[in-house]
Engineer: 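This is the structure I want to talk about, given as structure tokens.
Lettering follows sequence order; numbering is per chain, from 1.
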Amino acid sequence: MMLQEIREQWKDLIEEQLLAWSKELSDDETTISPLTIQVPPKPELGDIAFPLFAYAKQFRMAPVKIAQNLKERIEQLENRPSGELILAGPYLNIRLDFTSLINDLKDKVFEDGDIYGNSNVYDGKKVMIEFSCPNTNKPLHLGHMRNDSLGESVSAILKANGADVQKVNLINNRGVHICKSMLAYKKFGNGETPQSSGIKGDHLVGNYYVKFAQWEKEDPTAVDQAKEMLVKWEEGDKETIDLWNKMNGWTLDGLSQSYEKTGVHFDKYYYESETYKLGKDKVLKGLEDGVFYQEEDGSVWIDLDEIGLDKKVLLRSDGTSLYMTQDIGTAISRHDDWPFESLVYVVASEQQYHFKVLFYILDKLGYSWAKDLHHLSYGMVNLPNGKMKSREGTVVDADDLFDNLADLAKQEIQSKEREGLVDGLEKTANAIALGALNYYLLQVDPTKDMTFDPVKSISFNGNTGPYLQYMGARISSMLRKFDEVKAEYEGIEFDASLLTSQEERELVKMIANFPEVVKKAGLNYNPAIICSNLYDISKMFSKWYHDNKILMAEDKKLVVARINLSKMVLQVIKNSFKLVGISYLETM
RNA sequence: GCGUUCGUAGCUCAGCUGGAUAGAGCGUCGGACUUCGAAUCCGCAGGUCGAAGGUUCGAAUCCUUCCGAGCGCACCA
């Protein structure tokens, strides 16, 4: 019997008793409000709490009395769920029968293994998720990293909840901003290449984007020249297209190296250069159908009065498309490619308006799937002094940040003289850096803006990724040692009744509750829920481990009991790691 | 101006579908390694939960107003 079932059984029983009692008091009272389930704040108050305030009015009785009466009534029943009733003032609480809970839990956790905690709340639902979406004129920065972490993590969480997930990226490789770096390269590049300069492709292109910004200040015709270049590009001018192909290739090479390093992968790439015209036909069709209207100058609009907004232009007077037009087309073609039931856009909160309008338009155009589109809107990553500004050179470069973290991790390993014990210095340092970064970015509620202090934030102590990895490594190390002497424990049965300390009970509850946590994270598209649970269980384990001997326990039966509990904890930690982009290290 | 998100310890953040004494980490100060990994653990100090009203038996949580901040409201993407 799992914890969730026990909770539900008690809830049903108490509600049943409340209802029966209510009927005894008055024939009219045939309903009661649903019982709320809570967790008591202190261990001596039990493990499950049912507050009874809500019934005071109906029974014309103080909640404390209600609790007493209920307890008496229930104790007279022969068939009760497992556990013991506790009176706690206006609360009726349950103390769980841990022995049977632990036994059932252990079987479940070991049987399920890597899929322990998974649910079927999205039961095969096809969910497409779009994230990252970089421009091809500069390298990735900290903001992209939050986007990528969220995209990967939410994908993993949705999968763990039974969804069939398709991860897609949309490369913004077209437009005036792309032409700016091309133009600067043409003027100042002197044939420099990533090979000749030794500069990573995306950074090289980014340098010319910066160079354009400088040049733009001196030459007022610069922007016009860039616009001319875009016209040439759209006309298919060979020289322009060749240059575009070359520089895009450099950037994409660089980006894929960054993705590889940070564990970001996509099932499918879309390119703006291939999708930007797609929406036009759909908009013209919508115009025919009367969903949109046309101004005298030929531009096409939608009236958003119905959702309390103004009007929005969808086609320019010259007939060319806009950002919105393109996104309409992209969404439709994606659904043609892979008929999703839901599409999640991981895009910064500054685009809220855009998505509100986009979803409304797709709905108006009659696409049934438009009802299940989500904008996973995440907040900005700010620096202690405010926003990152490329003009002021305060943008935190993704590659630099990652390399700095990896260097620090390397130094840490070396200073602990663990270089020889670790499974590859470079590999381990990278895994630590990535875990630190992902955990840092994911532990904050996605919707909130967050502050990143490059100096202070890069810590490996306290509530950080490396702390969690360390707990995993410690348990793993202990289990290896146990395996070496396994023979001595042959035939010793696991005895759940030996796990009685407060920490042990808390650990068991957290293990048992893990599936609920995964479910909640999935329903809310929120990795932070996994993060905080992961930290809680690690911290509790750490305290328990510190205060108790496990492998060195005085009694062999105790060793077996505690080792098994440690295994369960490790399984939950490992499964959580996969959901938030932290690698499990056996040594670090 | 309109829309939207937010305001919790010195700093960074949990807690928010109303419930028992508002929690962590960092930082400060002080403890714990002849014992399973000290990237650890324990303790001290630190709060009018932006302000004021309201709903309620009960509000950090819900509602209203105000104050303060971010983001958006392009025939840019």
Engineer: Taking pairing as Watson-Crick or G-U wobble with both contacts under 3.5 Å, can you name the mate of B:rU21, or confirm there isn't one?
Structural biologist: none
Engineer: Please measure how far the P atom in B:rG31 lies from the corresponding atom in B:rG47, and state the result in whole Å.
Structural biologist: 24 Å
Engineer: Scan A:Ser299 against the nucleic acid and name what it touches under 4.0 Å (heavy atoms): base, sugar-phosphate only, or nothing.
Structural biologist: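 Base contact - A:Ser299 has a heavy atom under 4.0 Å of at least one base atom.
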Engineer: How far, in whole Å, is B:rC26 from B:rA22 if one measures between their P atoms?
Structural biologist: 23 Å
Engineer: Considering only side-chain heavy atoms of A:Lys416, which listed nucleotide, B:rA39, B:rC16, B:rG37, is closest?
Structural biologist: B:rA39
Engineer: Could you give the CG-to-P distance, from A:Asp453 to B:rU12, as a whole number of Å?
Structural biologist: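 The answer, rounded to whole Å, is 9 Å.
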Engineer: Could you please name the option among B:rG37, B:rC75, B:rC13 that lies closest to any side-chain atom of A:Leu322?
Structural biologist: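 Closest nucleotide to the A:Leu322 side chain: B:rC75.
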Engineer: Which nucleotide, in any strand shown, forms a Watson-Crick or G-U wobble pair with B:rA59, with both distances under 3.5 Å?
Structural biologist: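 Base partner found: none.
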Engineer: So, A:Phe131 versus A:Tyr345, ring centres under 6.0 angstrom or not?
Structural biologist: no
Engineer: When rounded to the nearest Å, what value does the distance between C1' atoms of B:rC66 and B:rG58 take?
Structural biologist: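 Their C1' atoms lie roughly 26 Å apart.
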Engineer: Without decimals, in angstroms, what is the distance between A:Asn461 CG and B:rC41 C1'?
Structural biologist: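 Between C1' of B:rC41 and CG of A:Asn461: 13 Å.
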Engineer: Between A:Lys520 and A:Pro40, name the one whose nearest nucleotide on RNA chain B is closer to the 5' end.
Structural biologist: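 The residue mapped nearer the 5' terminus is A:Lys520.
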Engineer: Taking the side chain of A:Met380 as its heavy atoms from C-beta onward, which of B:rG37, B:rC71, B:rC75 lies nearest to it?
Structural biologist: B:rC71
Engineer: Heavy atoms from C-beta onward define the side chain here; which of B:rA39, B:rA38, B:rC41 lies closest to that of A:Arg474?
Structural biologist: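 Minimum distance to the A:Arg474 side chain belongs to B:rA38.
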Engineer: Nearest to the side chain of A:Val444 - B:rA39, B:rA14, B:rC36?
Structural biologist: B:rA14
Engineer: When you measure from the centre of the six-membered ring of A:Tyr378, is the NZ or CZ of A:Arg146 closer than 6.0 Å and no more than 45° off the axis?
Structural biologist: no
Engineer: Do the numbers put A:Lys180 on top of the ring of A:Tyr209, so that NZ or CZ is under 6.0 Å from the six-membered ring centre and no more than 45° off the axis?
Structural biologist: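 That pair does not qualify as a cation-pi contact.
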Engineer: Does NZ in A:Lys282 sit with more than 12 non-hydrogen atoms of other residues, nucleotides or ligands closer than 6.0 Å?
Structural biologist: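 Counting other residues, nucleotides and ligands, NZ of A:Lys282 stays at 12 neighbours or fewer.
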Engineer: Heavy atoms only, 4.0 Å cut-off, all strands: where does A:Thr587 land among base, sugar-phosphate and nothing?
Structural biologist: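 Counting heavy atoms under 4.0 Å across all strands, the contact made by A:Thr587 includes a base.
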Engineer: Please determine, for the side chain of A:Asp445, which listed nucleotide (B:rA74, B:rG37, B:rA14) has the closest atom?
Structural biologist: B:rA14
Engineer: Checking base pairs now: Watson-Crick or wobble, both atom distances under 3.5 Å. What partners B:rU4?
Structural biologist: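 In the structure as shown, B:rU4 has B:rG70 as its Watson-Crick or wobble partner.
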Engineer: Using the P atom on both, measure B:rU28 against B:rC73 and round to a whole Å.
Structural biologist: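 Per the computed distance, 44 Å lies between those P atoms.
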Engineer: Centroid-to-centroid, A:Tyr467 to A:Phe460, below 6.0 Å?
Structural biologist: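 No: the rings miss the under 6.0 Å criterion.
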Engineer: What interatomic distance, in whole Å, is found between C1' of B:rA32 and the corresponding atom of B:rA38?
Structural biologist: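 Between the two C1' atoms, the distance is 9 Å.
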Engineer: With respect to the side chain of A:Tyr535, which nucleotide from B:rU40, B:rG25, B:rC71 is positioned closest?
Structural biologist: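 Per side-chain heavy atoms of A:Tyr535, the pick is B:rG25.
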Engineer: In this structure, how many angstroms lie between the P atom of B:rC73 and the CG atom of A:Leu309, rounded?
Structural biologist: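 From A:Leu309 CG to B:rC73 P: 12 Å.
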Engineer: Provide the Watson-Crick or G-U wobble partner of B:rC16, both distances under 3.5 Å; none if there is no partner.
Structural biologist: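 The answer is none; no pair meets the criterion.
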Engineer: Need the pair for B:rA9. Rule: Watson-Crick or G-U wobble, both distances under 3.5 Å, any strand; none if unpaired.
Structural biologist: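 Answer to the pairing question: none, since B:rA9 forms no Watson-Crick or G-U pair.
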Engineer: Of the options B:rA74, B:rA77, B:rA20, whose atoms approach the side-chain atoms of A:Glu272 most closely?
Structural biologist: B:rA77
Engineer: Is there a donor and acceptor pair, one atom on the side chain of A:Ser349 and one on the base of B:rC71, closer than 3.5 Å?
Structural biologist: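 By the distance-only test, no, there is no pair.
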Engineer: Determine the contact category for A:Lys57: base if any of its heavy atoms lies under 4.0 Å from a base atom, sugar-phosphate if only primed atoms, P, OP1 or OP2 are that close, otherwise nothing.
Structural biologist: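 Counting heavy atoms under 4.0 Å across all strands, the contact made by A:Lys57 is with sugar-phosphate only.
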Engineer: Can you identify which nucleotide, out of B:rA77, B:rC41, B:rU4, has its nearest atom closest to the A:Gln352 side chain?
Structural biologist: B:rU4
Engineer: For the pair made of CE in A:Met588 and P in B:rG37, what is the distance, rounded to whole Å?
Structural biologist: 14 Å
Engineer: Strictly by Watson-Crick or wobble contacts shorter than 3.5 Å, is anything paired with B:rG30, and which nucleotide is it?
Structural biologist: B:rC42
Engineer: What interatomic distance, in whole Å, is found between P of B:rC49 and the corresponding atom of B:rU8?
Structural biologist: 11 Å
Engineer: What heavy-atom pair brings A:Ser132 and A:Asn169 nearest, and what distance separates the two atoms?
Structural biologist: CB-OD1, 3.8 Å
Engineer: Considering only atom P, compute the distance from B:rU34 to B:rA39 and round it to an integer number of Å.
Structural biologist: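 To the nearest whole Å, 15 Å.
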Engineer: What's the closest nucleotide to the side chain of A:Lys543 if the choices are B:rC42, B:rA74, B:rA39?
Structural biologist: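 From the listed options, B:rC42 comes nearest.
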Engineer: For A:Arg174 and B:rC76, give me the distance from atom CZ to atom C1', rounded to whole Å.
Structural biologist: 11 Å
Engineer: Roughly how many Å is it from OH in A:Tyr293 to C1' in B:rC75, rounded to a whole number?
Structural biologist: 12 Å
Engineer: Checking side-chain hydrogen bond (donor to acceptor under 3.5 Å, both in side chains) against A:Thr136, which of A:Asn248, A:Asp202, A:Asn172 comes through?
Structural biologist: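 Of the listed residues A:Asn248, A:Asp202, A:Asn172, the side-chain hydrogen bond (donor to acceptor under 3.5 Å, both in side chains) partner of A:Thr136 is A:Asn248.
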Engineer: Categorize A:Asn172 for me: base, sugar-phosphate, or nothing, with a 4.0 angstrom heavy-atom threshold over every strand shown.
Structural biologist: nothing
Engineer: Rounded to whole Å, how long is the line connecting atom CG of A:Asn548 with atom P of B:rU35?
Structural biologist: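 A:Asn548 atom CG is separated from B:rU35 atom P by 18 Å.
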Engineer: If I take atom CG in residue A:Leu442 and atom P in nucleotide B:rA14, what distance separates them, rounded to the nearest angstrom?
Structural biologist: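 Nearest whole value for this atom pair: 12 Å.
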Engineer: For the residue pair A:Tyr440 and A:Phe452, is the inter-centroid distance of their aromatic rings smaller than 6.0 Å?
Structural biologist: yes
Engineer: Suppose you measure atom P in B:rG50 against the same atom in B:rG7; what distance do you get, rounded to whole Å?
Structural biologist: 7 Å
